[in-house]
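Worksheet for the structure shown next.
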Amino acid sequence: MNEWNELKKAFAPAPERFELRMQYTFEHMEDLTVKRRHHITLVAIVAVLVLMIGVALAAASFGVMDFLSYRNEDGTTTVNEALWEYVQPVQKEQEGSATRLTVQDAICDGTTFSLAWTLENQANEQVYVCWDAVLNDGEVAFNGGSMTGYEFFLAERERMDGGMSMNLDPLPEGDTVDVKVYFHVLAPKAAVLEGQALRDTMTEAEQQEALDKMEKDMTDGNLVIVGGEIELPNGAAREGEPKWQTLERLGLMKQVDSYEMSFQLNVTTQYRDLLQGQPMEHAFDGYRVILSEAKASPTQISYTVDYVFDSQESLEAFQDKWGYISIWPVTDEKESWFGNGNGDDQPPVKQADGTYLQRNIYTITDIWYMPTSITLLPGSFAKGSTKPDYHAEEAFVVRLAE
């Protein structure tokens, strides 16, 4: 395998921010899966990109392209301009007794569903918000993505701009999807206290002390917030009961507004086969690396890289030397060009011909800038190592521009 200095000659270096983000992403793939409660409600989402603007802003409308944009360190904004073609107007607004909800526009390209919203708190007290969105009454599954926290507090007279961008099982072009967006706005009836988050640096005794204090505060009838989310007393949650209903039942909050907003979107495009049916392959002593699939839509890139080992001995020799493999998408066109990724690094499976197949499947979403081409660059983390070793000779260059 090439050393780092040799790799730099072949490919632009991956920025340290990128390395850290991708290392975290690929080490926490299971956490990026969206879990569902029943068939219509999102339970929890790990947001790799959370775009939350919880301050009083000017009255300019906040749209899906704002949600999908990236704010650079120098104050400029990067946005995938090609997406404008796929933006569909929604332009719905509802006003309650304490808040006003606006959904400006959305995108549904068959592989990704994205929308943006604005919620304004017009009351003189903070409110607590739970929200969700479903497609075709939950028949269309979300397979990971990013989302403004599905529960949050909004201070008095403040505005929150947020949204979601979720992966879909591919939908046929020309189809339509029925979208429902739900918001439940509640006002606290109890004192709101900030709980102490548990950290790895805390001793076991310190962690237990923090847990005991939170439990006592909740037992005394207070609302305890940790990391922006409300903790529930032990045994308080009921199976299938949304959290906002639990808080009402416990007498900790009262609902002040409830929104259900419905609209329909057209499925506007589908994946393009970037390989045109021709896999790419590199052969080495004892194994082959095959780019068996690479597809792209305006909002998403997916690819599958297979490692095929001639024998169990060659597989074990590779694993002993390199450990765990991930395939990193890099480009020298933009330092930051996407916000989310999930995937599946599958364990080796023995095939009928005696070879061993190790399949690596990835999806890249929240694309702020669509490069002309990307390099799918394998990298490995040897045991005890915190920095990846890049395998430049195993890389594939894929052209994205049509």
Side-chain angles (χ1 to χ4, degrees), residues 1-2 4-26 29 32 48-49 65 68-74 76-86 109 111-112 114 145-146 165 167 271-276 279-280 282 289-305 325-343 345 360-381 387-402:
M1 302 295 173
N2 289 4
W4 173 244
N5 287 337
E6 296 176 356
L7 178 66
K8 287 199 294 185
K9 298 175 184 177
F11 303 104
E16 184 176 2
R17 284 192 306 164
F18 174 85
E19 287 186 0
L20 294 174
R21 181 173 69 236
M22 292 301 293
Q23 178 180 344
Y24 178 87
T25 298
F26 290 129
M29 285 301 174
L32 295 176
V48 178
L49 168 68
M65 292 293 281
L68 295 176
S69 65
Y70 176 76
R71 285 163 177 77
N72 301 300
E73 292 181 352
D74 61 3
T76 60
T77 299
T78 299
V79 64
N80 184 359
E81 297 291 345
L83 291 183
W84 280 110
E85 179 182 350
Y86 302 96
D109 72 350
T111 63
T112 302
S114 304
S146 64
S165 183
N167 309 336
Y271 273 123
R272 291 185 295 117
D273 181 2
L274 300 175
L275 301 180
Q276 298 181 340
M280 303 169 68
H282 300 312
V289 185
I290 304 169
L291 177 60
S292 56
E293 185 175 80
K295 301 184 295 183
S297 77
T299 59
Q300 193 175 113
I301 300 169
S302 68
Y303 53 93
T304 300
V305 177
I325 290 283
S326 283
I327 317 299
W328 303 42
V330 298
T331 179
D332 59 358
E333 297 177 36
K334 283 281 185 181
E335 180 178 351
S336 296
W337 63 279
F338 71 94
N340 201 353
N342 53 35
D345 295 320
N360 308 83
I361 305 171
Y362 295 95
T363 301
I364 303 301
T365 59
D366 294 345
I367 296 173
W368 309 308
Y369 170 84
M370 186 66 78
T372 303
S373 65
I374 59 172
T375 298
L376 303 180
L377 178 60
S380 60
F381 290 89
K387 297 284 285 184
D389 293 303
Y390 295 106
H391 304 196
E393 66 272 32
E394 298 174 359
F396 297 98
V397 177
V398 179
R399 183 171 176 79
L400 299 175
E402 295 188 73

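Just so we're clear, the structure is a prediction, and the values are computed from it rather than from any experiment. Values below: all heavy atoms of this structure, side chains included; hydrogens, waters and symmetry mates excluded.
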State whether a side-chain donor-acceptor pair under 3.5 Å links Ser146 with Asn340. no
Of all the heavy-atom pairs spanning Thr375 and Ala395, show the shortest one and how long it is. CG2-CB, 3.9 Å
Working note: Asp345 + Ile325, criterion side-chain contact (heavy atoms from CB on, under 4.5 Å); need CA distance, chi angles, decisive distance, verdict. CA-CA 8 Å; Asp345 295 320; Ile325 290 283; over 6 Å; no
Exam field: side chain Glu333 to backbone Thr372, donor-acceptor pair closer than 3.5 Å: yes
Classify the angle between the aromatic ring planes of Tyr390 and Trp328 as parallel (below 30°), tilted (30 to 60°) or perpendicular (above 60°). perpendicular
Within this structure, what is the OG1-CD distance for the pair Thr304 and Glu293, rounded to the nearest 0.5 Å? 5.0 Å
Between CG on residue Asp366 and OG on residue Ser114, distance to nearest 0.5 Å: 7.0 Å
Distance-only donor-acceptor check, side chains Asn360 and Tyr303, under 3.5 Å: no
Mind checking whether Phe396 and Val289 have side chains closer than 4.5 Å, heavy atoms only? yes
For Arg399, enumerate each residue passing the salt bridge (Lys or Arg N to Asp or Glu O under 4.0 Å) test, keeping only those at least two apart in sequence or located in another chain. none
Those residues that, when tested against Thr77, pass side chain to side chain donor-acceptor pair (under 3.5 Å) (two or more places apart): none
Check against side-chain contact (heavy atoms from CB on, under 4.5 Å), Tyr362 and Leu376: CA-CA 11 Å; Tyr362 295 95; Leu376 303 180; over 6 Å; no
For Asn72 and Thr78, which I'm curious about, is there any donor-acceptor pair between the side chains at under 3.5 Å? yes
How long is the span from the NZ atom in Lys295 to the OG1 atom in Thr111, to the nearest 0.5 Å? 9.0 Å
Do Ile327 and Leu377 have side chains that approach each other closer than 4.5 Å (heavy atoms only, starting at C-beta)? no
Can you measure from CD1 (Ile367) to OG1 (Thr112) and round to the nearest 0.5 angstrom? 7.5 Å
Could you tell me whether the side chain of Tyr86 and the main chain of Pro298 form a donor-acceptor pair under 3.5 Å? no
Between atom OH of Tyr271 and atom CD1 of Ile301, what is the distance when rounded to the nearest 0.5 Å? 9.5 Å
Does a sphere of radius 6.0 Å around CD in Glu81 hold more than 12 heavy atoms from other residues, nucleotides or ligands, not counting ones at 6.0 Å or beyond? yes
Residue set satisfying side chain to side chain contact (heavy atoms under 4.5 Å, CB included) with Asp273, at least two apart, ordered chain then number -> Leu275
Which heavy-atom pair separates His282 from Glu393 by the least distance, and what is that distance? CD2-O, 3.6 Å
Gln300 vs Asp109 side-chain heavy atoms within contact, under 4.5 Å: no
Within the structure provided, determine whether Leu83 and Thr299 are in side-chain contact (heavy-atom separation under 4.5 Å). yes
Would you say Thr365 and Phe338 make side-chain contact, with heavy atoms under 4.5 Å? no
Are side-chain heavy atoms of Asn80 and Leu68 found at a separation under 4.5 Å? no
